[in-house]
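Below you'll find the structure, written out as structure tokens, and then a few comments.
Naming: A, B, ... by sequence-line order, numbering from 1 per chain.
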Number of protein chains: 4
Amino acid sequence: MAPRRVDKAARREEILAAAVRVFARKGFAASRIDDVAAEAGIGKGSVYLYFDSREALLDAAFENMTAAAEDILRRARSSPGPALDRLAVLIGEVLRTVSAEPDLARILLDLWNAGRGGAEGLPLSMAAVYAQYRTVIADLLREAGKEGTARPGLGLAEATVIVGAIEGCLLQWVIDPQVPIADLTGPIVAVCLDGVRTHGRPDRSAGGRP
Amino acid sequence: MAPRRVDKAARREEILAAAVRVFARKGFAASRIDDVAAEAGIGKGSVYLYFDSREALLDAAFENMTAAAEDILRRARSSPGPALDRLAVLIGEVLRTVSAEPDLARILLDLWNAGRGGAEGLPLSMAAVYAQYRTVIADLLREAGKEGTARPGLGLAEATVIVGAIEGCLLQWVIDPQVPIADLTGPIVAVCLDGVRTHGRPDRSAGGRP
Amino acid sequence: MAPRRVDKAARREEILAAAVRVFARKGFAASRIDDVAAEAGIGKGSVYLYFDSREALLDAAFENMTAAAEDILRRARSSPGPALDRLAVLIGEVLRTVSAEPDLARILLDLWNAGRGGAEGLPLSMAAVYAQYRTVIADLLREAGKEGTARPGLGLAEATVIVGAIEGCLLQWVIDPQVPIADLTGPIVAVCLDGVRTHGRPDRSAGGRP
Amino acid sequence: MAPRRVDKAARREEILAAAVRVFARKGFAASRIDDVAAEAGIGKGSVYLYFDSREALLDAAFENMTAAAEDILRRARSSPGPALDRLAVLIGEVLRTVSAEPDLARILLDLWNAGRGGAEGLPLSMAAVYAQYRTVIADLLREAGKEGTARPGLGLAEATVIVGAIEGCLLQWVIDPQVPIADLTGPIVAVCLDGVRTHGRPDRSAGGRP
DNA sequence: CATGAATGAGTATTCATTCAT
DNA sequence: CATGAATGAATACTCATTCAT
């Protein structure tokens, strides 16, 4: 009858945070429930009071990540301003979010990996997240096309490339923490929005010889 | 001294190919030695005549992939022609190689994931591969800068973005086979080299001859 | 000193009844303390205020069952009338008691099973109950022998058969609730007392008056 | 390629026999897979080469027992001779079989207990075995009725009692090994076939007073 | 008295690896 | 060389019991 000291939701978050730290350190596959419990400073059995299974911890981390991603996408879709500016903001936000919670980000590899091999209940639909991601950016590109700030005719293919640039930078950073993820917003925007080629004069570099 | 009917190296390759098919189908974590043996049509114990451990199979797949990557990088570095053209060729070759061997490519996730958590001997230095990858592209960008075909001042950061665009597209395809990886060479080249923005003066770089 | 609203003994009985319902439903092995607490509408920890352990709940159910059995046996021993009549009454009472409390009866399997494997303190001496059961019936048979209503020379062996017939019918009913336990008093009496064979002379024992 | 020393079927039987010994000694619930492996003199994992699960060991024991029971029933049904003689033989065979393999018999309690609590695949249909058992005996009784050796009108109810007498004796012996199961064939036949009452004179002991 | 959160001992099962044939 | 039976270390998960509130 006496109220518990720590409320269930808070304790759940503590455990999840501990799990994320462990997963980030050793990878999901090599993380034992005991590791998570020890990191959280509780008994092994207590983890199961808050999560149904080891897998459920990864699912919960996925939910957190997805929620953050959807926030960013929602903002990109609904905020005012020129489309390309909003795209640049989106890129910056993704990188800033990730830099702010490196542990959460470092389990990206495990999230990417999840949902393969067999019929999971909800296969951690990373595919769905990325599909939405591409759709939003494709819409921004088309909008920018109408505004005259982007080349016309851009669509899903180019959105895939931009998503790829963002997530591919994250990938490199996850594999190799030396990669300065926090400093890449500018370069991504510069490369994807402006390309690397010189402009101003007709540029025939990609063509054959005259 | 006469070569056995099936020589050791060939048998090894057969087993490795079987392993790659299995890994591609179920993921490395869910792949059992029995699965590999069955796929190769041999006894379970025989796998160990050619590979030291389950992990060694993944290592070997990594070597294959690395070898292919180094070929492509070597060619980009040493072939003649304008730097940006060679970059475009590189991008095309990566995507073509990957599309040609989807099984090998689909274990990318496992390769990215490998070598984390614990002190492995040589932890599948994916980081080294990508570092080299970035270096080669950064060199191409600097060279293009000198040629006047690329903006000056480009370097590692922009190379990271381009590597990201390529690998990020692969990532999306690995997660979701619907992504039309074979059709993305053009968009990657277009976006990374020319950007998506309209430019002050008519920019004909992507087009044919006037 | 004034009795609590719900006195301890009554609460204990409530919990025991709940436990018996749960055991009857799922079997002792599959019954969790939480199930019992939920069935009793109390907190899990409270069960331990009234019972020392999960096992103690089964012990208590055993005591209840034993008490009922001993009542019946006592009555058979001490009530007046011809021995075989008292035996017929005993059979009827066992079956009626069991039919009246199907839940208590359905845990018979668990009671029979209890006390095996390892050195329990007092291993639920079902063996003792049945030994007493046999003794009482053997005495009745000997008494009937002296009365001239039963064949002479009957004893423990025949008592074992009669106990077997009774408990064997219960067994069949416990295994298969379709067995009409309530209707078996007559047949048990008829078979055990009169046998199934025809006899040389008209045997009217089971019939009415000529 | 070299043939294994012990063929799979024989090894399977060895393990099953070991399991039956262990189950007989400690009961199924208290028997650990390690106990079975130790009793069989093999490694724990090897048990799983021959049986899918701990439960499967009990299932296999059940099959053995069922097969023996069906043999006996088949013989009782199809052998020649007066029905009641065949019934007496049946009773003798059940008791002899059980006495011959006390370990197998002593797990009867676990078999009776199995298949409760939850939806098992094939719930160890002990109920079906007993139903068949009753049917066969009821048929014998009806046949004996036609032969004039048994009272007419006997049927399922009386068969239930006879099955009860047999299995109830086994039950008592399982609970208390002191019960001389091997010596009970005679008494069961005597009691069930001839009853305990005196015959020859009109016996009114069960009736009211004149 | 009552509670239910916390605990950790206990176990079935899996699977990489070995090695006798 | 090839095999697959045997092994046992490793691990997720359960649940009776305790105890702080």
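For the side chain to side chain contact (heavy atoms under 4.5 Å, CB included) test, residues two or more places apart in sequence or in another chain that qualify with A105(B) are V98(B), W173(B).
DNA chain F is contacted by both S31(A) and G41(D); G41(D) maps to the nucleotide lying nearer its 5′ end (nearest heavy atom per residue). Positionally, the nearest nucleotide of DNA chain E for I42(C) lies more toward the 5' end than for the other of I42(C) and G45(D). Of the two residues near DNA chain E, G43(A) and D34(D), the one whose nearest nucleotide lies more 5' is G43(A).
For dA16(E), neither phosphate oxygen OP1 nor OP2 lies less than 4.0 angstrom from any side-chain nitrogen or oxygen of S53(B). Look at Y50(A) and you'll find a side-chain N or O under 4.0 angstrom from OP1 or OP2 of dA6(E). One finds no side-chain N or O of S46(A) lying less than 4.0 angstrom from the OP1 or OP2 phosphate oxygen of dA5(E). Dashed line: the shortest gap from a side-chain N or O of R32(D) to OP1 or OP2 of dA12(E) is under 4.0 Å. For the pair R54(B) and dT17(E), the criterion of a side-chain N or O lying under 4.0 Å from OP1 or OP2 is not met. Using a 4.0 Å cut-off, no side-chain N or O of R11(A) falls inside it from OP1 or OP2 of dA5(E).
The interatomic distance linking D35(C) (CG) with dG4(E) (C1') rounds to 15 Å, in whole Å. Taking atom CZ of F51(C) as the reference point, atom C1' of dT18(F) lies 19 Å away to the nearest angstrom. Rounded to an integer number of Å, the gap from F28(D) CZ to dA12(E) C1' is 11 Å. When rounded to the nearest whole Å, the span between CG of L57(C) and P of dT17(F) equals 10 Å. A straight line from CD of E14(A) to C1' of dA5(E) spans 13 Å, rounded to a whole angstrom. Look at CZ on R12(C): it is 18 Å from C1' on dA2(E), rounded to the nearest Å. Look at CG on L49(A): it is 9 Å from C1' on dT7(E), rounded to the nearest Å. The distance from atom OH of Y48(C) to atom C1' of dT3(E) is 14 Å, rounded to the nearest whole Å.
For the pair R54(A) and Y48(A), the NZ or CZ position fails the cation-pi test of under 6.0 Å to the six-membered ring centre and within 45 degrees of the ring normal.
At the heavy-atom level, I33(A) lies under 4.0 Å from the strands shown only through sugar-phosphate atoms.
A 4.5 Å side-chain heavy-atom check between V129(B) and F62(B) finds at least one atom pair inside the cut-off. With a 4.5 Å cut-off on side-chain heavy atoms, N113(C) and W112(D) do not count as touching. Side-chain contact check for V174(A) versus I107(A): every heavy-atom pair is 4.5 Å or farther apart.
Using a 4.0 Å cut-off between a side-chain N of Lys or Arg and a carboxylate O of Asp or Glu, D103(C) and R21(C) do not qualify as a salt bridge.
Under a 3.5 Å cut-off, the side chain of D35(C) and the backbone N or O of R32(C) do form a donor-acceptor pair. Side chain of S46(A) to backbone of I42(A): no donor-acceptor contact under 3.5 angstrom is found.
One cannot find a donor-acceptor pair under 3.5 Å joining the base of dT7(E) and the side-chain atoms of K44(A).
Between the axis at the start and the axis at the end of the helix from dA2(E)-dT21(F) to dT21(E)-dA2(F) there is an angle of 0°, using five pairs per end and rounding to 10 degrees.
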